[in-house]
S.K.: 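Before we start, here is the structure in question, set down as structure tokens.
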Number of protein chains: 4
Amino acid sequence: MTKAGIAGATGYTGLELTQLIARHPELEFGWITSENSAGKRFSDVHFSNLHLPLIPLADAYDRADEVGVVFLCLPHGESIEAAKRFAAAGVRVIDLSADFRLTTSDDYVRWYGKPHAAPGLLDSFVYGLSEINRGQLVGAQLIANPGCYPTSVNLGLYPLAKAGWLGDKVIVDSKSGVSGAGRTTKLPYQFVEANENLQPYNVGYRHRHIAEMELVLHGATNGSAPKARFTFTPHLLPTNRGILSTMYVTVPDGVTEAQIRGLYEETWGNEPFIQLLPAGQLATLRHVTHTNRTAISITAVDPDGAGRDYIIVTTLDNMIKGASGQAVQNYNIAVGLPETAGLL
Amino acid sequence: MTKAGIAGATGYTGLELTQLIARHPELEFGWITSENSAGKRFSDVHFSNLHLPLIPLADAYDRADEVGVVFLCLPHGESIEAAKRFAAAGVRVIDLSADFRLTTSDDYVRWYGKPHAAPGLLDSFVYGLSEINRGQLVGAQLIANPGCYPTSVNLGLYPLAKAGWLGDKVIVDSKSGVSGAGRTTKLPYQFVEANENLQPYNVGYRHRHIAEMELVLHGATNGSAPKARFTFTPHLLPTNRGILSTMYVTVPDGVTEAQIRGLYEETWGNEPFIQLLPAGQLATLRHVTHTNRTAISITAVDPDGAGRDYIIVTTLDNMIKGASGQAVQNYNIAVGLPETAGLL
Amino acid sequence: MTKAGIAGATGYTGLELTQLIARHPELEFGWITSENSAGKRFSDVHFSNLHLPLIPLADAYDRADEVGVVFLCLPHGESIEAAKRFAAAGVRVIDLSADFRLTTSDDYVRWYGKPHAAPGLLDSFVYGLSEINRGQLVGAQLIANPGCYPTSVNLGLYPLAKAGWLGDKVIVDSKSGVSGAGRTTKLPYQFVEANENLQPYNVGYRHRHIAEMELVLHGATNGSAPKARFTFTPHLLPTNRGILSTMYVTVPDGVTEAQIRGLYEETWGNEPFIQLLPAGQLATLRHVTHTNRTAISITAVDPDGAGRDYIIVTTLDNMIKGASGQAVQNYNIAVGLPETAGLL
Amino acid sequence: MTKAGIAGATGYTGLELTQLIARHPELEFGWITSENSAGKRFSDVHFSNLHLPLIPLADAYDRADEVGVVFLCLPHGESIEAAKRFAAAGVRVIDLSADFRLTTSDDYVRWYGKPHAAPGLLDSFVYGLSEINRGQLVGAQLIANPGCYPTSVNLGLYPLAKAGWLGDKVIVDSKSGVSGAGRTTKLPYQFVEANENLQPYNVGYRHRHIAEMELVLHGATNGSAPKARFTFTPHLLPTNRGILSTMYVTVPDGVTEAQIRGLYEETWGNEPFIQLLPAGQLATLRHVTHTNRTAISITAVDPDGAGRDYIIVTTLDNMIKGASGQAVQNYNIAVGLPETAGLL
């Protein structure tokens with residue numbers, strides 16, 4: 001058994017992690033931290049039966065040697081210092097924030113509007129999109145866990161991108177449950193505002209998550225195909241959890257639906273956490289919520305299958321495959337456990 | 001047409017009032033106020049097509065003569081000063097806060113834990129439970145609009161209380177949609193916390209709204225019957241609106257179900273906003289949401305009708321009959337309009 | 001006052017109509033029909049305070065002369081016979097089904113897969129998209145009320161289509177509340193299946209509602225622009241009501257955002273039921289639910305506004321502007337009442 | 001590993017069971033049955049990644065020897081024949097229907113209104129309320145899994161009943177998520193009917209589940225205390241899952257809150273699936289949904305603790321502790337596995 005620390009345990013990803021760790025055959029709780037609720041027990045701040053005390057992050061630094069892995073569930077920007085400290089102490093770090101997802105400080109500046117505070121660390125981190133970067137994740141000490149939206153888009157489009165069939169313009173119409181906003185008390189996420197409502201936000205070529213789509217999908221082709229341009233429209237959905245991305249692509253002339261299905265089968269057919277749906281079925285949130293799976297469906301726009309337009313729908317649970325579940329999956333890969341340990 | 005002012009227009013009762021005023025045949029908009037959003041338009045802070053500017057309350061005092069009635073939708077405690085100012089200016093005041101609902105300063109101290117800031121004004125206000133105090137409301141200049149929970153309880157139990165059949169112990173198990181908490185950003189009212197959840201709070205003999213139940217129902221008997229003791233258990237329900245109160249009463253020996261139904265028919269049978277359900281039907285939220293109605297159902301606990309235990313269920317829309325709709329109903333009564341004007 | 005009949009009153013559009021009629025200054029109830037619940041009262045089959053008896057359609061034919069207008073809320077396919085009968089009796093008919101929306105029997109066969117049962121009647125009906133066909137609606141005796149999805153798409157894209165700026169490929173990603181499926185007991189619409197879920201269905205170039213988009217938007221240009229091809233992806237949303245359509249268009253080179261906004265302002269600026277949102281605001285369901293309005297927002301994909309790609313979002317209440325509200329609006333136009341009568 | 005069969009796998013309890021079996025360390029799938037969907041795979045009828053074929057029950061009888069345990073998730077009334085057949089084949093049977101919960105055929109007739117089809121089998125079954133009947137469950141071959149409502153009531157009141165402190169009149173106000181109604185397509189469970197609604201049903205002394213409350217709680221005292229009379233009011237709650245029971249009891253004179261808390265601590269303090277909440281916390285659905293736990297809170301009605309009235313709130317997940325989870329818990333007990341196996 002390895003002890004796991006959680007830095008920033010009182011948000012929704014922290015809560016989900018506590019449930020995954022409780023169920024994991026090879027992980028047990030070390031310490032858990034919270035700045036605002038230090039001194040309280042976890043069950044004082046969540047509807048939970050975990051009575052572990054919350055300690056400040058400063059105390060966790062002193063107790064770094066008690067844990068074998070630390071999951072950073074801190075706000076964006078606050079993982080950098082923590083990652084440095086735990087890395088220096090030789091603890092494996094899996095960071096669920098956006099701080100180490102981009103590979104260059106230029107990209108970081110472009111999307112986050114300020115210089116990165118530890119640019120030298122950027123290339124020490126492996127981008128933890130498990131199915132795509134599995135090779136680099138084996139033995140990795142520092143892992144940057146992907147964003148929830150990009151995971152849904154990247155797993156859904158990677159086969160097309162790799163084949164150079166993605167086209168030059170991709171429309172991604174995504175819908176996310178409210179937990180994607182974090183455990184925040186802002187007005188738009190209040191029950192009465194979000195319930196019986198649907199709200200687009202940050203539409204167009206604006207959302208920071210586009211950077212991770214470009215990183216993975218532009219990179220998939222080794223430069224042989226044009227770089228697709230992503231129009232990304234997220235919507236706030238009145239559910240607790242789940243992301244559904246409806247993606248519109250145009251494949252090259254001559255590519256058939258059978259070829260596309262073959263490509264997906266070849267790429268994802270053996271993945272334990274990817275569920276390719278048969279023709280005629282469409283991915284829904286319910287295929288994946290409360291699981292670590294991604295469901296993918298492929299539909300030709302034209303009923304006769306003659307055209308070049310396709311609709312790829314992917315779904316995942318933003319708290320699990322989009323955050324804490326993929327973090328555990330990455331841990332399993334890094335330390336050589338069965339990839340599905342604790343995730344069924 | 002009379003111009004209406006709304007003080008504190010950006011909360012949920014204010015929002016509901018704007019919709020009722022827009023539809024009312026004899027009311028039109030005067031000014032609307034907001035301290036936090038003064039300078040913006042109403043449509044900047046709500047999903048609304050009302051583009052009226054929001055002004056600070058201080059400006060509204062200067063413009064008191066522009067309106068014939070002001071609805072106070074201010075936080076509890078903040079209506080007192082406003083009521084004094086508008087009353088002094090001769091404007092009709094309908095206060096939706098709790099500030100003037102109790103009739104004695106002793107009661108206020110007991111339930112609100114501090115002295116009332118204008119005890120001398122308390123008996124200038126008519127308690128605006130329309131169906132019960134209609135007589136006093138005609139021509140009233142100062143009206144204290146009842147609380148949402150007490151309205152559901154008082155309309156449901158008043159016939160029994162008046163007849164002296166209420167018994168000495170009444171259990172009120174209430175469930176309210178989240179808008180009852182106001183447009184606040186506290187964590188328990190966050191979508192992810194409230195959705196797919198049900199949460200009791202302030203249970204037992206603790207909630208301030210019990211004071212209004214005692215006021216109306218103890219007062220109904222003219223002292224001839226024992227004063228019922230109310231156990232009140234509110235629950236936070238994952239809906240936007242609506243209150244359902246399930247009430248358990250024990251009537252005196254010898255009182256029959258037919259007598260009880262007759263009593264309710266006699267008391268409420270001609271009320272335009274009370275819907276007595278026939279035997280076998282139970283009141284639900286959907287009977288009343290988005291209306292000014294209260295639905296009432298009566299069920300004998302024993303299928304053979306032999307016992308003395310009854311379950312009275314009442315439902316209403318907390319934003320309408322529980323707040324803004326009853327405020328407009330009271331306005332209609334006060335100025336002599338048809339009571340249903342603008343409320344169908 | 002004119003008496004209104006409702007044929008097929010127990011579905012959701014029928015329910016909504018009863019509420020609109022109750023509030024309308026110039027309409028009152030005639031008869032209401034139901035085949036399955038004939039003999040019961042309306043309040044026996046809905047959470048309603050309308051106690052009117054339900055009669056079979058056959059009886060309504062005999063009592064055609066009692067009403068001045070009949071709203072047909074019958075299942076698709078069943079309006080044809082009823083329309084013939086009531087038209088023959090000289091009663092104004094507003095049909096909420098799809099039976100008379102298409103203008104040629106060829107189109108009907110193409111999308112509905114069978115011949116129309118009364119092709120000769122097709123061109124007697126005016127397609128009741130109020131804002132676009134207002135001229136033809138004045139005095140109309142036979143009105144085909146548009147579909148809910150097409151209304152959201154057509155009002156959102158009509159200005160671009162008319163200007164010839166719609167492009168040759170339009171992606172429409174729509175999301176609809178569950179009432180859009182009607183008051184049916186099929187498994188996908190059961191609470192546990194639809195709640196905390198999001199489900200695409202009939203995606204691509206398959207849904208019958210595309211026919212109405214082509215009808216209106218191909219027709220808007222008088223043939224001078226290429227006919228846009230619509231990819232239409234509806235999703236079942238876990239809300240009771242509301243449609244949100246996110247539409248992706250590419251305008252011709254040289255057309256600026258300011259020109260587009262000007263075009264919409266010119267086309268829709270004076271419409272009482274269209275709410276054009278200012279730059280920076282996005283249309284949400286809450287802008288329009290429980291109203292007869294359509295909200296429209298326009299956003300350039302590129303933050304710098306340099307590109308040709310735009311995202312048009314429209315929202316409406318599928319029960320009101322998408323069905324019963326537009327039916328009443330059409331009635332108002334047909335008989336010369338103020339268009340907003342009973343609809344505020 | 002033991003193979004488990006599921007008879008009636010396509011309802012919600014069947015679906016939940018498939019998820020629990022997939023995660024259980026000592027169970028694996030044998031066959032699964034469905035009459036309506038025989039020939040399809042499980043993933044054809046549920047949003048699931050389980051592709052096992054569904055077979056008719058008749059085939060399962062022939063393949064009884066392939067499984068070590070069968071979970072009967074059949075409609076009430078249909079378990080009797082199946083239980084006989086599998087019991088005769090020597091297979092361990094855990095029946096999730098109501099068919100074998102009552103101990104006498106008289107009770108069955110009284111509450112179900114018809115004679116039991118196999119009264120001789122009634123006392124071969126152990127009533128599987130795990131925490132109370134653990135002793136009898138060890139080694140049991142035939143287990144009748146309790147109802148969801150009674151489990152919430154019985155676990156919440158058993159300590160008081162055992163101590164003879166329950167009083168003669170108990171009011172149980174329960175609220176259940178819609179999955180409690182099963183995977184049925186009846187109108188009240190349609191999304192639009194149940195969402196934004198709350199509906200009481202079968203209120204008073206009418207619901208069959210009262211029989212299980214009387215069975216357990218009247219039996220707890222060994223006849224030394226008066227038999228409490230239960231008034232039971234279930235409500236249909238707009239959530240997918242979860243039961244919350246708010247229970248009103250009056251303890252004997254002289255019994256203190258400290259004594260009551262001590263009693264619960266002594267009775268339930270070591271139970272892995274019972275979470276006693278500290279004073280000041282109230283049980284909510286979120287404490288327990290997606291877990292096998294029951295949360296219990298105790299609150300004195302009087303803030304000063306002087307009175308005899310208490311409010312006991314219990315919550316559980318009706319699909320897990322109220323059905324499939326408790327079934328697995330009972331299996332674990334019966335075969336001598338750790339009680340929590342597969343249930344964390």
Side-chain angles (χ1 to χ4, degrees), chain A residues 169 171-177 188 192-206 229-248 250 281-290 297 299-305 307 309-313 315, chain C residues 169 171-177 188 192-206 229-248 250 281-290 297 299-305 307 309-313 315:
Chain A
K169 200 162 152 181
I171 286 169
V172 177
D173 193 285
S174 291
K175 303 88 177 171
S176 171
V192 180
E193 304 291 317
N195 184 45
E196 292 291 295
N197 201 357
L198 181 70
Q199 308 178 63
Y201 63 98
N202 270 6
V203 310
Y205 189 74
R206 285 172 179 82
R229 163 83 162 177
F230 297 95
T231 293
F232 175 50
T233 309
H235 300 74
L236 187 69
L237 188 69
T239 67
N240 277 3
R241 49 171 77 209
I243 283 178
L244 186 147
S245 293
T246 312
M247 300 182 283
Y248 300 86
T250 302
Q281 279 190 25
L282 291 157
T284 73
L285 288 192
R286 199 60 65 76
H287 278 98
V288 297
T289 45
H290 297 283
S297 66
T299 311
V301 165
D302 289 285
D304 63 5
D309 294 332
Y310 286 84
I311 302 174
I312 312 291
V313 182
T315 52
Chain C
K169 200 162 152 179
I171 286 170
V172 177
D173 192 285
S174 291
K175 301 89 179 172
S176 171
V192 179
E193 304 291 317
N195 184 45
E196 292 292 295
N197 202 356
L198 181 71
Q199 308 177 64
Y201 63 97
N202 270 6
V203 310
Y205 190 75
R206 286 172 179 80
R229 161 82 164 180
F230 297 96
T231 293
F232 175 50
T233 308
H235 301 72
L236 187 70
L237 188 68
T239 67
N240 276 4
R241 48 171 79 207
I243 283 179
L244 185 147
S245 292
T246 313
M247 300 182 283
Y248 301 87
T250 302
Q281 279 190 26
L282 290 157
T284 72
L285 289 192
R286 199 61 66 76
H287 279 99
V288 296
T289 44
H290 297 282
S297 65
T299 312
V301 165
D302 289 285
D304 64 5
D309 294 332
Y310 286 84
I311 301 173
I312 312 290
V313 182
T315 53

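Residue numbers start from 1 in every chain, and the chains themselves are labelled A, B, ... in the order their sequence lines are given, proteins ahead of strands.
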S.K.: Please examine the side chains of A:His235 and C:Thr246, heavy atoms only from C-beta on, and report whether any two atoms are closer than 4.5 Å.
M.R.: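 In contact.
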S.K.: Out of C:Val313, C:Thr289, C:Thr233, return the one with the most heavy atom pairs under 4.5 angstrom to chain A.
M.R.: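 Of the options given, most contacts go to C:Thr233.
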S.K.: Between C:Asn195, C:Leu236, C:Thr315, who has the most heavy-atom pairs with chain A when the cutoff is under 4.5 Å?
M.R.: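 Greatest number of close heavy-atom pairs with chain A: C:Asn195.
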S.K.: Which region of C:His287, side chain (C-beta onward) or backbone (N, CA, C, O), has a non-hydrogen atom less than 4.5 Å from a non-hydrogen atom of chain A, or is it both or neither?
M.R.: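 Interface part for C:His287: neither.
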S.K.: To the nearest 0.5 Å, what is the distance between OH on C:Tyr248 and OG1 on A:Thr231?
M.R.: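 If we round to the nearest 0.5 Å, C:Tyr248:OH and A:Thr231:OG1 are 7.5 Å apart.
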S.K.: Has the side chain of A:Arg206 got a donor or acceptor atom that lies under 3.5 Å from a matching backbone atom of C:Val301?
M.R.: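 Here the side-chain-to-backbone pair exists.
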S.K.: Do you know which two heavy atoms are closest between C:Glu196 and A:Asn240, and how far apart they sit?
M.R.: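 Of all heavy-atom pairs spanning C:Glu196 and A:Asn240, the closest is OE1-N, 3.0 Å.
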S.K.: Any ion pair linking C:Asp173 and A:Lys175 (charged N to carboxylate O, less than 4.0 Å)?
M.R.: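 Salt bridge: yes.
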S.K.: C:Tyr205 vs A:Asp309, test: side chain to side chain donor-acceptor pair (under 3.5 Å). Steps then yes/no.
M.R.: CA-CA 10 Å; C:Tyr205 190 75; A:Asp309 294 332; over 6 Å; no
S.K.: Chain A heavy atoms under 4.5 Å from C:Leu244: which part of the residue, side chain, backbone, both or neither?
M.R.: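 Side chain only.
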S.K.: Report yes if some heavy atom in the side chain of A:Thr284 is under 4.5 Å from a heavy atom in the side chain of C:Leu198; otherwise report no.
M.R.: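 SC-SC contact between A:Thr284 and C:Leu198 ruled out.
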S.K.: Minimum heavy-atom separation for A:Pro238 and C:Leu237, please, with both atom names.
M.R.: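 Here A:Pro238 and C:Leu237 meet closest at CD-CD1, 4.5 Å.
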S.K.: What closest approach, in Å, do C:Pro200 and A:Ala283 show between heavy atoms, and which atom pair accounts for it?
M.R.: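 Shortest heavy-atom separation between C:Pro200 and A:Ala283 comes out as CD-O, 3.2 Å.
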S.K.: Which pair of non-hydrogen atoms, one from C:Asn197 and one from A:Leu285, has the smallest distance, and what is that distance?
M.R.: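 Reported closest heavy-atom pair: OD1-N, 3.2 Å.
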